[in-house]
Novice: 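Okay, here's the structure, questions in a sec.
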Amino acid sequence: MIFVVTAFLFSAIVLYFLLGGADFGAGIIELFTSQKNKQNTRQTSYHAIGPIWEANHMWLIIAVVIMFVGFPVVYSTMCTYLHIPMLIMLLGITARGTAFAFRNYDAIKGAHTQKIYNRVFVYSSFVTPLFLGIIAGSAVSRQIDLHATSFLDAYIFSWLNYFSVAVGLFTVALSGYLAAIYLIGEADNEHDVRRFILKARIMNIFAVVFGGLVFLASEVENIHLARWIFGNPVSLTAVIAASVSLAASWILINKGKRKIIRIGAGFQVTMILLAVGYMHWPYLLMVKGGQNLSLFAYQAPEKTITDLGLGLLIGSLLILPSLFYLYYSFQKNR
């Protein structure tokens, strides 16, 4: 049953990044949109994420519940040493959701309040994936010191380092890329289609640049990410598949295939996550001194894992059909 639980954990993380990350990316795209085009971008983003933006956080909740119930030692260690970036990320999620709701559903839409909501929305959309990436990078950076004797060593330098920040910036770029790709299919005029294609290209370039910074920072921090990925046949295959899919996606964009490219973008990001996740499986948390926290070694009692696995299987039969129907209903009415 442990494999069922870990499969749900990985799936929840991937789906949160693909769906929630694209939602954050919509705010990032708006942040870097000229003033004359902001209204069109907001309108297109609203139609794309309006009915489902709350549902996407379900995947984060599932991941947190799995960690809390199934792997309490790993969960408590992360929450202790990474509580600052986690708090910032959660504040970003809250601020972004609140601003999105008020700017679209506020009974009195004054110019001053709308300006505040818009700013909170776009800046929190940038900050949230930045710190989501920082948390992910910190988990494998080996910078968490379980024997730290000072506040800075325990709670600041565990995440404030070149590698983690580079991963955070890479996450921001990927979120913007996903959003731009998704919005290409949502645009209802040729002008907006061209704008979102340009945004996708720019975010694609930033993703490549920040991806290079991730590898460079990993060498500076003695993490040796390149050796992990390119020395592992599964991770290497995933990277090659992502690269081939990226090239195919741009060919499809040039041919005007606006809907199918979403599958390609989702596949690319999934392959990136697979490449990174598989190379240090089953160690979810890698700390200073080589004491890595394995999901198998630090799992909850077998009875708890069994009940958790059954709950996830039964819950998926109830939740997933409803969620898919939500997506289907909304897209059908577009």
Side-chain angles (χ1 to χ4, degrees), residues 5-17 20-21 59-60 62-68 70-90 92-93 128-148 153-172 174-175 210-211 213-215 217-218 220-229 232 235 238 269-270 272-299:
V5 173
T6 53
F8 269 97
L9 176 61
F10 181 76
S11 298
I13 293 173
V14 171
L15 287 169
Y16 184 65
F17 196 97
W59 306 113
L60 178 62
I62 290 175
V64 170
V65 170
I66 291 175
M67 290 295 300
F68 177 78
F71 312 98
V73 173
V74 181
Y75 175 82
S76 61
T77 301
M78 291 186 68
C79 288
T80 299
Y81 291 93
L82 301 178
H83 72 277
I84 293 177
M86 284 185 173
L87 176 61
I88 296 174
M89 183 190 76
L90 292 175
I93 291 174
T128 304
L130 173 65
F131 279 88
L132 177 62
I134 286 176
I135 293 168
S138 301
V140 299
S141 67
R142 294 198 177 99
Q143 297 300 314
I144 295 176
D145 188 357
L146 300 182
H147 305 289
D153 288 337
Y155 306 122
I156 300 298
F157 298 138
S158 58
W159 59 271
L160 189 57
N161 52 73
Y162 294 123
F163 178 74
S164 296
V165 172
V167 174
L169 292 172
F170 180 61
T171 304
V172 170
L174 280 183
S175 297
F210 289 138
L213 286 179
V214 169
F215 282 102
S218 72
V220 173
E221 302 282 0
N222 294 316
I223 299 172
H224 306 302
L225 183 66
R227 187 186 309 167
W228 285 1
I229 291 181
N232 184 301
S235 296
V269 174
T270 301
I272 293 172
L273 294 176
L274 175 62
V276 176
Y278 185 85
M279 68 186 182
H280 58 80
W281 173 262
Y283 302 107
L284 189 65
L285 194 62
M286 308 180 74
V287 300
K288 187 172 290 187
Q291 183 183 351
N292 303 323
L293 303 187
S294 167
L295 293 178
F296 294 153
Y298 290 92
Q299 62 179 287

Novice: Tell me, do Ile272 and Phe170 make a side-chain contact under 4.5 Å, heavy atoms counted?
Specialist: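 The answer is yes; the side chains approach within 4.5 Å.
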
Novice: Please give me the minimum heavy-atom distance between Phe163 and Gly137, naming the atom from each residue.
Specialist: CE2-O, 3.5 Å

Novice: Restricting to side-chain hydrogen bond (donor to acceptor under 3.5 Å, both in side chains), what partner residues turn up for His83, sequence neighbours left out?
Specialist: none

Novice: Less than 4.5 Å apart, side chain to side chain, heavy atoms only: is that true for Trp159 and Ile135?
Specialist: no

Novice: Mind checking whether Trp281 and Leu295 have side chains closer than 4.5 Å, heavy atoms only?
Specialist: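 Touching, per the 4.5 Å side-chain cut-off.
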
Novice: May I have the step-by-step check of side chain to side chain contact (heavy atoms under 4.5 Å, CB included) for Leu284 and Val140, ending in yes or no?
Specialist: CA-CA 7 Å; Leu284 189 65; Val140 299; over 6 Å; no

Novice: Could you measure the distance from the NZ atom of Lys288 to the OH atom of Tyr81? Nearest 0.5 Å is fine.
Specialist: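 The distance works out to 11.5 Å.
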
Novice: Sequence neighbours left out, what passes side-chain hydrogen bond (donor to acceptor under 3.5 Å, both in side chains) with Asn292? Give chain and number order.
Specialist: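 Per chain and number, Asn292 pairs via side-chain hydrogen bond (donor to acceptor under 3.5 Å, both in side chains) with no residue.
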
Novice: For Asn161, which residues count as a side-chain hydrogen bond (donor to acceptor under 3.5 Å, both in side chains) partner, sequence neighbours excluded?
Specialist: Ser164

Novice: Are Met78 and Met86 packed together at the side-chain level, in the sense that at least one heavy-atom pair is separated by less than 4.5 angstrom?
Specialist: yes

Novice: Quick check against the 3.5 Å criterion: does Glu221 have a side-chain atom that pairs as donor or acceptor with the backbone of Tyr162?
Specialist: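 Answer holds: yes.
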
Novice: Report the distance from atom CD1 of Ile84 to atom CG of Leu160, rounding to the nearest 0.5 Å.
Specialist: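 Taking CD1 in Ile84 and CG in Leu160, the distance rounds to 9.5 Å.
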
Novice: Which atoms form the tightest heavy-atom contact between Ser175 and Gly21, and what is the distance?
Specialist: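 The answer is CB-O, 3.2 Å.
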
Novice: Less than 4.5 Å apart, side chain to side chain, heavy atoms only: is that true for Leu174 and Phe17?
Specialist: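 Yes, close enough: below the 4.5 Å cut-off.
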
Novice: Look up atom OH in Tyr75 and atom OG1 in Thr80, then write down how far apart they are to the nearest 0.5 Å.
Specialist: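 Rounded to the nearest 0.5 Å, the OH-OG1 separation comes out at 10.0 Å.
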
Novice: Check whether any side-chain heavy atom of Ile134 sits under 4.5 Å from a side-chain heavy atom of Val167, and report yes or no.
Specialist: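 A side-chain contact is absent here, since even the closest heavy-atom pair is not under 4.5 Å.
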
Novice: Do the ring centers of Tyr298 and Phe71 come within less than 6.0 Å of each other?
Specialist: no

Novice: Counting distance only, does the side-chain N/O of Ser158 pair as donor-acceptor with the main-chain N or O of Ile144 below 3.5 Å?
Specialist: no

Novice: In Å, rounded to the nearest 0.5 Å, how long is the span from OG of Ser218 to CD1 of Ile223?
Specialist: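 Interatomic distance, Ser218 OG to Ile223 CD1, rounded to 0.5 Å: 6.0 Å.
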
Novice: Taking atom OH as the centre, does Tyr283 end up with more than 12 heavy-atom neighbours from other residues, nucleotides or ligands that are less than 6.0 angstrom away?
Specialist: no

Novice: What do the steps show when you test Thr77 against Leu293 for side chain to side chain contact (heavy atoms under 4.5 Å, CB included), and what is the final call?
Specialist: CA-CA 9 Å; Thr77 301; Leu293 303 187; 3.8 Å; yes

Novice: Give a yes or no on whether Phe296 atom CZ has more than 12 heavy-atom contacts from other residues, nucleotides or ligands under 6.0 Å away.
Specialist: yes

Novice: Find the distance between CG (Leu90) and CG (Leu132) and round it off to the nearest 0.5 Å.
Specialist: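 The CG atom of Leu132 is 10.0 Å from CG of Leu90, to the nearest 0.5 Å.
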
Novice: So, taking the atom named CD1 in Ile62 and the one named CZ in Phe8, what distance separates them when rounded to the nearest 0.5 Å?
Specialist: 8.0 Å

Novice: Can you name the closest pair of heavy atoms from Gly133 and Thr171 and give their distance?
Specialist: CA-OG1, 3.2 Å

Novice: Is any side-chain heavy atom of Leu169 closer than 4.5 Å to one of Leu130?
Specialist: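 Counting from C-beta outward, Leu130 and Leu169 do come under 4.5 Å.
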
Novice: Hey, would you say the Trp228 and Phe215 ring centroids sit under 6.0 Å apart?
Specialist: no

